[in-house]
Amino acid sequence: MSPIEVDPPPVESLTATQKDRRERILRVAGTLATEGGWDAVQMREVAQGADVALGTLYRYFPSKEYLLVSMMIGEVGALAERLAVKPPQGDEPVDRVIDVLQRANAALQRRPQATIATIRALVSGNTDIAPAVNETFEMMRQIVSGALEDSADGESNVDPHNGYAVSIELLSDIWLAALVAWISGVESDESVLPKLEQAARVLFA
């Protein structure tokens with residue numbers, strides 16, 4: 001239970017100083033998660049490392065789960081920025097989706113401890129972080145949807161009547177399930193990408 005029961009302010013409403021403070025908190029949490037995973041991210045230590053009061057930390061991130069999911073939002077956002085600079089490769093929509101999955105999977109497994117912590121937060125069942133979880137999934141769906149656009153002219157190939165919208169939803173669910181299986185030790189990290197590639201070829205062929 002966090003000491004302050006308030007919704008965090010929208011990022012777009014923050015001043016430049018507040019945004020810097022929020023980013024500093026996320027960087028410290030990311031370092032702790034990378035080094036020691038879930039257990040290493042203690043709110044008091046994050047506050048100390050970011051040089052903010054504990055109450056200030058909770059105003060930005062009402063819980064540890066909210067903080068970790070916010071880290072995931074940042075990771076997905078960074079992937080979207082990289083894709084804007086270097087668009088997904090492939091002549092067919094499914095090939096571009098697979099390229100996105102490959103790049104996303106590589107980024108997530110580059111810092112396995114942090115990824116395990118953020119996925120654990122995503123599936124924690126804490127209803128207070130539902131808006132952040134929804135934002136994460138929506139960003140993932142947008143990335144997949146963007147990969148389905150024609151690489152030459154930017155025109156979307158996504159026909160709302162051809163099942164792609166449902167396929168995007170299903171792929172997002174499979175993506176999360178595969179990650180959960182990995183962090184739970186049910187599947188190896190090497191098994192995640194082949195499973196996602198197979199699902200993409202079934203859903204977008």
Side-chain angles (χ1 to χ4, degrees), residues 8 10-12 14 19-43 45-46 49-50 57 60-89 96-124 126 128-147 168-169 171-184 187 189-190 192-193 195-197 200:
V11 176
E12 59 270 16
L14 300 178
K19 288 179 180 177
D20 288 342
R21 185 180 299 126
R22 184 180 185 276
E23 287 302 313
R24 191 165 69 247
I25 291 169
L26 287 169
R27 284 197 300 272
V28 171
T31 298
L32 291 172
T34 299
E35 294 174 350
W38 174 273
D39 292 336
V41 183
Q42 301 298 323
M43 297 296 270
E45 290 189 23
V46 173
L57 169 59
Y60 289 102
F61 306 101
S63 67
K64 174 176 174 173
E65 291 85 356
Y66 200 106
L67 174 58
L68 288 168
V69 173
S70 296
M71 282 173 47
M72 174 62 81
I73 290 172
E75 290 293 328
V76 178
L79 173 62
E81 291 176 359
R82 292 194 296 273
L83 289 169
V85 174
K86 184 181 178 182
Q89 302 298 299
R96 296 195 292 274
V97 170
I98 289 174
D99 184 55
V100 166
L101 294 173
Q102 290 172 339
R103 291 160 68 174
N105 192 62
L108 290 173
Q109 295 192 358
R110 198 171 295 126
R111 298 195 305 161
Q113 290 273 57
T115 297
I116 289 171
T118 54
I119 298 300
R120 182 173 170 180
L122 274 174
V123 299
S124 64
N126 183 347
D128 293 337
I129 67 171
V133 172
N134 286 337
E135 182 177 353
T136 305
F137 291 155
E138 179 57 29
M139 291 175 70
M140 292 170 66
R141 288 191 290 266
Q142 288 178 358
I143 285 176
V144 174
S145 178
I168 292 171
E169 291 278 351
L171 182 61
S172 298
D173 291 344
I174 294 169
W175 194 349
L176 179 60
L179 289 172
V180 170
W182 166 51
I183 70 169
S184 302
E187 300 278 359
D189 55 356
E190 293 88 357
V192 174
L193 186 57
K195 182 176 293 186
L196 292 177
E197 290 181 357

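Nearest heavy-atom pair, R82 versus A107, reported as atom, atom and distance to 0.1 Å: NH2-CB, 3.7 Å. Between A132 and I73 the shortest heavy-atom distance is O-CD1, 3.6 Å. Shortest non-hydrogen contact noted between G37 and A117 is C-CB, 4.1 Å. Contact record, A178 with V192: O-CG2, 3.9 Å, taken as the closest heavy-atom pair. Of all heavy-atom pairs between A200 and L171, the closest is N-CD1, 4.3 Å. Of all non-hydrogen atoms in V100 and P88, the two that sit nearest each other are CG2-CG, 3.5 Å.
Between R22 and F61 there is a side-chain heavy-atom pair separated by less than 4.5 Å. Residues Y66 and N126 are not in side-chain contact: their nearest non-hydrogen atoms beyond the backbone lie 4.5 Å or more apart. Using a 4.5 Å cut-off on side-chain heavy atoms (C-beta onward), E81 and V85 make no contact. A 4.5 Å side-chain heavy-atom check between L67 and L26 finds at least one atom pair inside the cut-off. Using a 4.5 Å heavy-atom cutoff, the side chains of Y60 and L14 are in contact. Side-chain contact check for Q102 versus L196: every heavy-atom pair is 4.5 Å or farther apart. Under the 4.5 Å side-chain criterion, counting only non-hydrogen atoms from C-beta, T136 is not in contact with E75. Looking only at side-chain heavy atoms (C-beta outward), M139 and E135 come within less than 4.5 Å of each other.
Between the CD1 atom of I168 and the CH2 atom of W175 there is a distance of 12.0 Å, given to the nearest 0.5 Å. Taking CG of L79 as the start and CZ of R103 as the end, the distance is 7.0 Å to the nearest 0.5 Å. Between atom CE of residue M71 and atom CG of residue L32 there is a gap of 9.0 Å, rounded to the nearest 0.5 Å. Here CG of L101 is found 10.5 Å from CG of L108. Values are rounded to the nearest 0.5 Å. Once rounded to the nearest 0.5 Å, the distance linking CG of N105 with CG of D189 reads 8.5 Å. Atoms OG and CD1, from S124 and I119 in turn, are 11.5 Å apart once rounded to the nearest 0.5 Å.
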Could you please spell out the steps behind the side-chain contact (heavy atoms from CB on, under 4.5 Å) verdict for V41 and K64? CA-CA 8 Å; V41 183; K64 174 176 174 173; 4.2 Å; yes
Start with the C-alpha gap between D20 and R24, add the side-chain angles, then the distance that decides, and say whether salt bridge (charged side-chain N to carboxylate O under 4.0 Å, His left out) holds. CA-CA 6 Å; D20 288 342; R24 191 165 69 247; over 6 Å; no
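No side-chain donor-acceptor contact under 3.5 Å links K195 to the backbone of I174. In terms of modelled atom types and a separation under 3.5 Å, the side chain of E65 and the main chain of I129 share no donor-acceptor contact. Side-chain atoms of Q113 never come within 3.5 Å of backbone atoms of R111 as a donor-acceptor pair (strictly under, hydrogens ignored). Between the T118 side chain and the T115 main chain, a donor and an acceptor come within less than 3.5 Å of each other.
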